[in-house]
Structure formats: structure tokens, C-alpha cells
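The block underneath contains the structure these notes are about, expressed in C-alpha cells.
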Amino acid sequence: MTGTSSDARLITPTMIAAWLVLATVPLWISKVGLYPYIGVEILIWSIYALAFNLVLGVSGLPSFGHGAFFGIGAYAFGLTQFNVAANLWVCLIGATLAGAVAGLLVGLFIAHRRGIYFALLTIAFGQIFWTISVKSHSITGGEDGLLNIVRLPVNLGVVAFDISDNDSLYYFVLAVFAVVAVVLWRLVNSPYGRLLSAIRQSEVRTAHLGYNVWLYKLSIIVISAGFSGFAGGLFAMAQRSAFPDVMNLAQSGLVVMMTLVGGGLVSFWGPVIGVIVFLTARDVIGAMTNAWMLYFGTMFVLLVLFRPDGIAGAFKLLVERWKARGATPSLSSAPRSG
Amino acid sequence: MALVEAEGVHVRFGDRVVLEEINLSVNEGELHGIMGPNGAGKTTFFNTLTGRVKPNRGRIRLNGEDVAGLSPHAIARKGLARSFQIMTLFNDFTAQENVMVALPAYRARGFDVRRAVAGDASFSDEANEVLASVGLAGKAGISAKLLSYGERRALEIAVALAQRPRVLCLDEPTSGLGTDGTLRLAELIGSLKGKLTIVAVEHDMRFLFSLADRISVIHWGQVVARGTPRELQENAWVKRSNLGSFG
Amino acid sequence: MFDLLPHLLNGLVLGLLLALIALGFMLIVGLMEQINLAHGSLFALGAYLALALTGPNPPLPSDLAALWLQVPLGWRYGIALIVAPCLAGIVGIAVEFCMRRTYGSDPLYGLLLTFGVALVLEEVLRLTWGTRDHVLPIPQSMSGGFIFGDLIWSTYRFYAAGMAAVVIGLVWLFIEKTPYGAMIKAGAHDSEMVRALGVNLSKLRLGVFMLGTMLAAFAGIVVAPIWGIRPHMGVDAVVPAFLIIVLGGVGSFWGAVIASLLVGLAVGVSGAYASEWSLLSMYLLLVAVVSFRARGLFGKKSMLEV
């Protein structure tokens, strides 16, 4: 997030426009040849990527093991449903808490690290959780996964909705996404969020200003892991199952990739753009060739090389150039003061 | 009474002794200069004072309290602020936001996630005041990376001042500045004199001799000479080493 | 106590193999302070290239292929051990050329670039050789087993461990006894000094990256007969290599070797008691060491930490 100033608005016009567009998705998605379920997937992965970007883009901490928190959330959702209570809210809280606790555990070991060691240790911890989930047959079902997870009804006290079909699930997840986006948007623009950005820019300076940098890093790892777990819980419900492969290194790498492709380093919405592009490309290119990862991987390499700021970065540049073109005449007449 | 006191501070990196035995005391309200040749240990002493380097032995007292070995943020909270020789500004922030995050009021709300920073006048007014005090009144909205070199140096000091410190530590504040810039900076630091305690590492002799109340010369990890600028100019060691010449 | 011996021996062999796998990764991270996430794919690439050279269907016109298959397997295997790493080295050169664009910016970009390369390479392997498991044929003289202490031992494992030990020794000689090695060591901590020595840093980086990828491919060939060949074999092998670097400390040759042996022994011995969980022991070892020694066993301060 390189934005030079914080944004005071709780809800921005961009958000409202995005929600309105997203609300129409079930009406036309099948007509353009995509499966309706992809909408659900996009929204859940968007929540996950926004949560992940709290660590990568906002705080500058390169985590390559975030899949663990997502996966733990998924298992926790299923296990809460089977063993505690088959209530949607209880299960989602379970998923969030499980992610956050795992984040705390990992954070205690890595929050004082940065750069190369941070990245390598997140890989290690990701693998630890992955190994445990594969080997603990009796709890997680091992490679077979945790099956028979039910899409629980949305109980709002006075009314309850059934979300077992994809369209109603989509609208539920959209509502959740909207709330999460507002919460994270405010977090990023709050004193806390701006401090995380300061830590990304200079950890040393921030410490000398009297901030306990370690505590800030630990707290954002926990928050990010909690939201990732929450997204994992939604994912388990949408898929009606939880599997260990969302926790492996390649899957953890994918969320980094989506976040970057979209431009998470320069824009709050970058991760969402990245998720939309990635999942749509997967379905569209994947329908034409089974080598889609080859094309997407190549595109990603080119992007890192030539447009490291991602799609949002390229868009910003375009807007700036367009503005600059309009502003050129006035610039030459007014003397610059700086 | 001495506000800052270093007693027998000894720092080793591996088997290399960087600070042999530093004894130093700075009185409240004093501007204390530190000079010495490159590699003499000035910056290491500074880093030890501000908590980046933990001394192997010795005491550092701030207002009578031993702070040696405390972390940088703990020392900063006790009222010690520092600037950096290699500027470490928040480049993606505006000048105003650079100063804002340094304010004690902001620090008190560091974990606040309920309100946005933007439009919060309790931060911006105070930040603008600090910016004005270093001559950056019109630059509040400009991104730090777009400021000129001299402006960035001033911002570096503004960030330290915004912490409302009792002790201000300046690490080579004139580094990279031209004659004009140095003059303006001398004016700024002169205006702060007496209002707060300042410790300044500096290699520009003219600058230091014109501003400092007392000066300590660090060489080979020790304080080899100390006194008022006038005393130092008469000091045999300083004369011999040409440190005091204005050539 | 004696029944532990086979596990210790297995652990030692595993440790040597892990050291071989980690070696190329260690060189690159040491000199360039870049995490090469494509290390695993290059490791797999080496194994697949060797498969192409020694397997029953060499990628040659049919008459040439028939001729090539006349060559004894032992010879073909020996040639594969040299040629396959060289081919992988060419890929390494290409990656390094791409990577130049990322020097000087956040090391994150180098990491992401190599992640992208890994995706592409793995997909190429999958498209060329399919997803099924392959077996790398080895000469008769190296295969089979022998009986020692009432147990059957696989001969090849010991050949593999021996090759690993020899290559580790050669790399050590290269680092310690040649001027290039001195530059690599200097560069690991001080690229300024490398320039002062009059070394062309970009050539040095290219050379080290090439050497690193060649070592990855070589490790792939040596390990393939034991662990099998499949497209994602790289990930399984390379994650322990990452851990070993953290455990041993970035930029330390002996740190990496000792850490490999420790990990091998930990996995081997824990395998005696809970074979299901033996892989976890290496993670626990890492967590234990890193909690007490921030930079691993022999790590020096890295510029990436600042």
C-alpha cells in the first residue's frame, strides 16, 4: 500500500460500484460460459487474499505459508460442525479462532524476523501444519480429507435462509465479503494500519519513534491469520469438504501470486483483481488447454519482470499519464514551488 | 544535573573492540557535540545510546535511570529521539504523515483501528505546527520521496522533534548539505538550543564549534578530549591531530 | 542399542543426500541473498533429463536412438550425470538473465520470479513426461542389495551417499582453495568488496547461479532412483533444503552440511519409533534451534535483515 495518505471514508464509491456489479453476477455468469460456482470461489479467495495482503502488501512481511491458516480454518469449520454445534456462526467463529491461534503460534517464532529468514520460516511452518493435517487421519481424514461438511442455514434470529444452492450461497458470501472489505479498509486507513505501513517502509525508524515493532508485527500476523481462517471456513462450507492440499507450498504460493498480479503492493483492491483474473483465467484457459499453468506461469514471470506493481499498478500509471496529459498546459504557466 | 550519562561503555563486535571505555555526561539544556575521525566509534556510540547496540559493559543513564540494554522503543519512550545520518524517512508517506506517526498523541493510539487517520485534526494540526517550525510549512502534502535533499534533512529533524523529546540526538545532521543548507540548519538548531538537550555527532567543525556548549572528541573508542569549543581549540591533542583546524 | 544402528546409518545417508540437494540453493542464497524457489523444479528437471538420456525412449531420431541404446547403460548413466546438469545449467543462465531486472529492488521480486519459473518448469515437465511416476534405470553394478547385520541394504543408497560426499568435498575445495571461491565468500557479505577486488559482479552472479542450478540437477539425478521421478518431486525434496539453510544459517557452508546430517539423523532415528511422523521431527528440530539461535547454527548477519 503505497498510498501517500490515508482515506477517511468508511465506504468508497468504488466499493459500492463493485458490490452492485458483483450482485448481478448470478444473472449473467452462465450466459458467458462460466460455472456459477466460480463466483463463490472468487469472493472467498478475495477475502483470503485481502487478509493475506495485510501481511504482504501493508506490512511488507513475505509469508509463503499462509495456506496453513486457510486450511486450518477449513478443518476447524468442519470439526466445529461435527463436534461442537452445527450452527453457521459458531462454525465461522471456530474457523477464525483456529486461524488466529495458529497465527499466534507461528507469529511468536517469526515476528522478530524479516526478509529472507521470515520467508523461509513461513515456508517451514506452512509445511509443519500441512504434514500434521496429512498424517492425522483420525482428525482430518488425512489425504482423503474431511468430508460431509454441510452448508448450514444463515440464522439471523428472526429469519433463517437456506444457502445450500450456489446462488443463495453466492449472495451470502457477497454480504460477508462486503463487511470484511469495509472492516479491512478501515483497518488499513486507521492509525494502526498506517503504522504497519511505516514498519514496512522503515522498521528501524518506527522502533526509534517508540513503537514496539514486534508487537505490531505479531498482532497483524494474528489478525491476518484469523481472517484467512475465516475464509478457509467459508471455503470448506462451499466445497462441502476440507483437504490438506490448500495448505501446501504451491497453494500458499498461489495466493502470493494472485495478490501480486492484481497489484496488492500498490492498491487495497489489488488482491481482489488478482483473484478475479487468476480464477477466471483458470476456467477460461483451462477449458481450452490443460497446459494453462504454463501460460499463466509465463504471464506471471513477465509481469514480475516488466510490471512488478501488477494490474492495479499499471492502471494507476495509466490514470496518472492521462491526468498529466490534461494538466500539461497549466503546469507550464504556473511556476512550481517545490 | 546530568541528564544523559555514559559510564565505562564498552562495545565489542566479535573480537573487534569498537568502544573501549566511553565516559560522557550531558547536562540538561546543553548542546553537546561529539567529533572524531571516521571509524572512531561515534556512530556506534550513538547506536548504543539509542538502544540499537547493546553495550558489553558500562552504564547509560537517562535522567538518572539506567537504560543500557533497553530496546530502542523503550528508550524512545523515555524521551530520547534521534535522527539518522543515512536518512530513514517513510518515503511513501507525505511530509505531514512522517511527522504525525512520531507524535506522542499518535503513539498513544497506535492500536486504534476504529477511526481513520485522514481528517483527524488532532494529529494534522500538531504535525503542521512541527513542520512549520523547521521551515516546511508549505510541504505538508508532498510525498517525502519527492522533497529536495535539504527539505528531507529538515524533515528528518522534524520527525525527531515531533516525538517531543527531552534529549535530541542528531547523527551527522549536515551530511550532504551545501553551504546554504548548513547555514539554514545551524539557524534551526540554534533556535532549539536551550529548549531541549541536544547531542550532535558532526564532522563539520565550523558548524559544531559555533553551536556547541561543550564538545567531546572520540578516538580509538575513548573520549580523548573534552571541553568548551574555546578550550578545545587550545587543546594540545586536538591541535596535533588537526581536528580543530578550520582549514 | 544395536537395533538403532540401521536407523542411524539410514539417517546419515539421508543427511548426505539432503546436503547435496541443499548445496546449490546454499550457494545462491549465500552470494546473492536470493531465495531460488525454482531450485526444486531444476532438481526435478535434472532427473527427467537423465531419464531421457538413460531411459528406453531417448528423444532422438529412431535410428540414432537405436544406436544410442546400444551403448551400455553404465556409460549412458555416466554421461547423463554430466550432460543433464549442463543442460539444466543453461536453464539456470536464462533464469539469471531474467533475474537481473530484479537486483537492487526488493528481494521479494527475485523470490516471486523464481516461483513463476518453478510453475512453468513443473508444467513443462508434466506436459512432456506426463503425471505418472517414472523409474530412472541404473547400471546393474550399482543396483541390488547386500546383507549386513541380518538386514538387507540397498547398494545404490550407498553409491548415492558416496557421490554426495564427493560433490560436497569438491564444492568445499572450490570455495576454499580457488580465487573464485574467495570471491563468492566475499560477495556473500560485501558486494562492495567484490567490486574492489576487481571482480565482475554480474559474471560472478551468473557463474554462481549456473553452478547452483547444475548442482540442483545433479542432486536430482542422484536421488531419483531412490525417491522416484514425478513432476512435483522437486517440492518434496526442496522444502527440507530450505529448512536446512535456515537451520545451518544463511551463508555458511559447514552450517548447511552439519544441519543436513542433523536433519537426516533426526528423521532416521525418529523413523525407528514413529515412522508416520518422522518428517515432522525435522520441523521440530528447526523450531527448537531457531528459537535459541536466531540465525541458525552458524549464520552470519544478512543484509536482508536490515
Side-chain angles (χ1 to χ4, degrees), chain A residues 1-12 54 57-60 112 182-220 222-223 227 265-268 309 316 320 336-338, chain B residues 50-52 71-84 87-98 100-120 123 138-148 151 156 159-160 162-163 165 169:
Chain A
M1 307 289 296
T2 58
T4 46
S5 64
S6 131
D7 195 317
R9 292 168 296 183
L10 185 63
I11 294 169
T12 62
L54 292 177
V58 177
S59 317
H112 55 293
V182 170
V183 168
L184 295 188
W185 170 256
R186 174 43 62 92
L187 184 148
V188 161
N189 287 299
S190 70
Y192 175 67
R194 297 305 282 173
L195 256 174
L196 296 171
S197 175
I199 290 172
R200 173 177 59 76
Q201 295 170 60
S202 174
E203 201 173 315
V204 171
R205 183 86 206 214
T206 314
H208 279 292
L209 293 181
Y211 294 99
N212 185 348
V213 169
W214 178 80
L215 202 56
Y216 281 90
K217 281 162 81 178
L218 180 67
S219 61
I220 196 60
V222 172
I223 292 172
F227 276 103
L265 299 188
V266 293
S267 157
F268 178 82
D309 284 344
K316 273 191 178 177
E320 267 165 38
R336 274 176 61 110
S337 54
Chain B
T50 55
R52 283 201 76 189
S71 55
H73 71 261
I75 292 181
R77 284 176 185 200
K78 293 189 186 299
L80 188 143
R82 71 168 292 181
S83 74
F84 290 78
M87 284 186 283
T88 45
L89 295 167
F90 303 118
N91 279 326
D92 293 339
F93 282 176
T94 58
Q96 188 191 51
E97 214 167 356
N98 265 280
M100 262 200 254
V101 295
L103 297 170
Y106 193 106
R107 196 198 295 153
R109 280 179 47 194
F111 279 103
D112 187 355
V113 292
R114 285 164 304 160
R115 272 161 297 181
V117 175
D120 196 327
F123 296 148
K139 308 286 180 182
I142 296 176
S143 171
K145 62 175 171 245
L146 299 178
L147 293 174
S148 74
E151 287 164 350
E156 179 76 39
V159 172
Q163 290 176 257
C169 297

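Below, chains carry the letters A, B, ... as their sequence lines are ordered, and counting in each starts from 1. The shown structure was predicted, so the numbers you read here are calculated from the model rather than taken from an experiment.
- A donor-acceptor pair under 3.5 Å links the side-chain atoms of A:Gln201 to the main chain of B:Asp92, judged by distance alone.
- The line from CG of B:Asn98 to OG of A:Ser202 is 10.0 Å long, rounded to the nearest 0.5 Å.
- Not one N or O on the side chain of B:Arg82 forms a donor-acceptor pair closer than 3.5 Å with the backbone of A:His208.
- The CZ atom of A:Arg194 lies 14.5 Å from the CG atom of B:Asp112; values are rounded to the nearest 0.5 Å.
- Formation of a donor-acceptor pair under 3.5 Å by the A:Ser190 side chain with backbone atoms of B:Arg114 is not found in this model.
- Interatomic distance, A:Ser197 OG to B:Phe90 CZ, rounded to the nearest 0.5 Å: 9.0 Å.
- Within the 4.5 angstrom heavy-atom criterion, atoms from both the backbone and the side chain of B:Ala102 approach chain A.
- Contact record, B:Ala160 with A:Arg205: N-NH2, 3.8 Å, taken as the closest heavy-atom pair.
- Heavy-atom pairs under 4.5 Å with chain A peak, among B:Met100, B:Arg109, B:Arg77, B:Arg115, at B:Arg115.
- Ranked by heavy-atom pairs under 4.5 Å with chain A, the first of B:Pro72, B:Gly110, B:Gly119 is B:Gly110.
- Residues A:Arg186 and B:Val113 fail the side-chain proximity criterion, which asks for heavy atoms closer than 4.5 Å.
- Counting only distance, with no hydrogens or angles, the side chain of A:Tyr211 and the backbone of B:Val101 share a donor-acceptor pair below 3.5 Å.
- Taking the six-membered ring for Trp and thresholds of 30 and 60 degrees, A:Tyr216 and B:Phe111 have nearly parallel ring planes, at less than 30 degrees apart.
- Here the shortest heavy-atom pairing between A:Ala207 and B:Ala76 reads O-CB, 4.3 Å.
- Contacts between A:Ser219 and chain B at a heavy-atom distance below 4.5 Å involve the side chain alone, from C-beta outward.
- The distance from the CG atom of A:Leu209 to the CZ atom of B:Arg107 is 7.5 Å, given to the nearest 0.5 Å.
- The two residues B:Ala118 and A:Ala8 come nearest to each other via the heavy atoms O-CB, 3.4 Å.
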